[in-house]
Amino acid sequence: MINFNVPPYTGKELQYIEQCVRAQKICGDGQFTKKCNSWLENKTGTKKALLTTSCTHATELAALLVDVKPGDEVITTPITFAASANCALYCGARPVFADINDKTYNIDPEKVKEATTEKTKAVVAVDFTGQSVELDALMAHCKKHNLVLIEDGAHVIGTKYKGQPNGSIADMTTFSFHPVKTVTGGEGGAVMTNNEEYYQKLLLARSHGITRDTAFMEEEPHGGWYYEQVSLGYNYRMTDIQAGLLVSQLDKLPMFSERRKEIVAKYNEAFLQIPEIQVQEEIPESDTTRHLYILRIKPDRLKINRREFFDALAAENIMCNVHYIPTYYFPHYQRLGYEKGICPKAEKLYDEMMSLPLYYGMTDQDAEDVITAVKKIVDYYKK
Ligand SMILES: *Cc1c(COP(=O)(O)O)cnc(C)c1O
């Protein structure tokens, strides 16, 4: 059987965890937290990295920071994990869904323009599958309308847009280190930003709104023990144990990227020959470390639908997944009044796609087996 995803094992994990425990610094101010921060800042060329408990929390902090509040609107794509839109709901704002480009599957900057109103506060753009969103167009639009661009970069670590690493470009970019992602710390996330003022506010919001820095205090310190809560924040700090796991993986990211690119190239080469399948279009601006590989069927050329195709792959012992169910299809969003039909290209993509196995530890034989199974199903069921 070929699993959908197997998190990579680097061999350093236990050593780092042991170091962490022996140093008696296991919460978020130890050696590995510092290493993660400098890795993220240096390798992506971003001024500040703030580690968090998850990408969901990172995106929530980003939205809170720019004062997204009731009455505001936040534009995002429906082809994403629910967290991208939920960050608006946490703030009492309304997510507005803009349709995708049906070749790249990323949010269409033209649709973002159409969705912008005087209530729009921010855009949450998702680099779906790891391919960068069209940052130039989105940043120009956001600048013109005074919107904040939050890049939900849960898929994007390792990717470069026009030669510059994603993470260093948008107002804020959030990463995820959940085990299904390209690098993992068990759980975890980060906010990346070049804006020092944002960073100071994020730092406060991540830790209860509490500061020990006299520069940010309102009262005279009562003594050496003194700290102050100056706003209402949360506890969204990553532990040093998670950071240790993460460091072991970040160091291997170039290797993970290369391998993922090799597998994607094998898949592309095979599937571009099959007229019953549509391959995700790659934009030249994005040098992509792919987190997901989307197999999209052309239903008019096949006797079976996506569900049957998915089941046929499972019968061949190829474990797939579907990324994503459009966010506004979920009952919670339906109850909030979203209607089906608002993003037709996203809905059509949902009906036709599945995600194939893609992970660092896949062998060439595994990739061949996936390709063979896809070809077998297509040959059997093509019209
Ligand atoms: C995984 C994912 C998230 C959530 O990440 P967590 O770290 O699990 O909170 C958010 N957005 C996208 C696009 C994701 O794929």
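In each ligand, atom 1 is the first atom listed, and ligand 1 is the first ligand listed.
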Under 4.0 Å to a heavy atom of [X] - the qualifying atoms of ligand 1, by number:
X    : answer
V126 : 13 (C)
S54  : 7 (O), 9 (O)
C55  : 4 (C), 5 (O), 6 (P), 7 (O), 9 (O), 10 (C)

Report the nearest protein non-hydrogen atom to [atom]: residue, atom name, distance rounded to 0.1 Å.
atom                    : result
atom 12 (C) of ligand 1 : A154 CB, 3.3 Å
atom 13 (C) of ligand 1 : T80 OG1, 3.3 Å
atom 15 (O) of ligand 1 : H155 NE2, 2.8 Å

* Asked: Would D72 and R94 pass as an ion pair if we require N to O under 4.0 Å?
  ->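 Salt bridge: no.
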* Are K143 and D171 within salt-bridge range, i.e. N to O under 4.0 Å? ->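 Salt bridge flag = no for D171 with K143.
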* Once the angle between the rings of Y328 and Y338 is folded into 0 to 90°, is it parallel (under 30°), tilted (30 to 60°) or perpendicular (over 60°)? ->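 Y328 and Y338: parallel rings.
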* To do: Look at the rings of Y324 and H155 and say which category their plane angle falls in: under 30° parallel, 30 to 60° tilted, over 60° perpendicular.
  =>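 Parallel, since the angle between the ring planes stays under 30°.
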* Taking the six-membered ring for Trp, are F4 and H323 ring centroids under 6.0 Å apart? ->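 Between F4 and H323, the centre distance is under 6.0 Å.
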* Asked: More than 12 heavy atoms of other residues, nucleotides or ligands under 6.0 Å from NZ of K160: is that the case?
  ->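 Result for NZ/K160: open.
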* Residue I283 excluded, over 12 heavy atoms near CD1 under 6.0 Å ->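 Buried by this count: over 12 neighbours within 6.0 Å.
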* Asked: Hey, is Y324 one of the residues with a heavy atom under 4.0 angstrom from ligand 1?
  ->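 Yes, that is the case, since the closest heavy atom of the residue is under 4.0 Å from the ligand.
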* Would G188 count as a contact of ligand 1 if the rule is a heavy atom under 4.0 Å away? ->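 Yes.
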* Ignoring hydrogens, just give me the one of T56, T76, D152 whose non-hydrogen atom is nearest atom 11 (N) of ligand 1. =>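 Comparing heavy atoms across T56, T76, D152, the nearest one to atom 11 (N) of ligand 1 lies in D152.
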* Could you name the option among K181, H57, E187 that has the heavy atom nearest to atom 2 (C) of ligand 1? =>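 Residue with the shortest heavy-atom distance to the ligand atom: K181.
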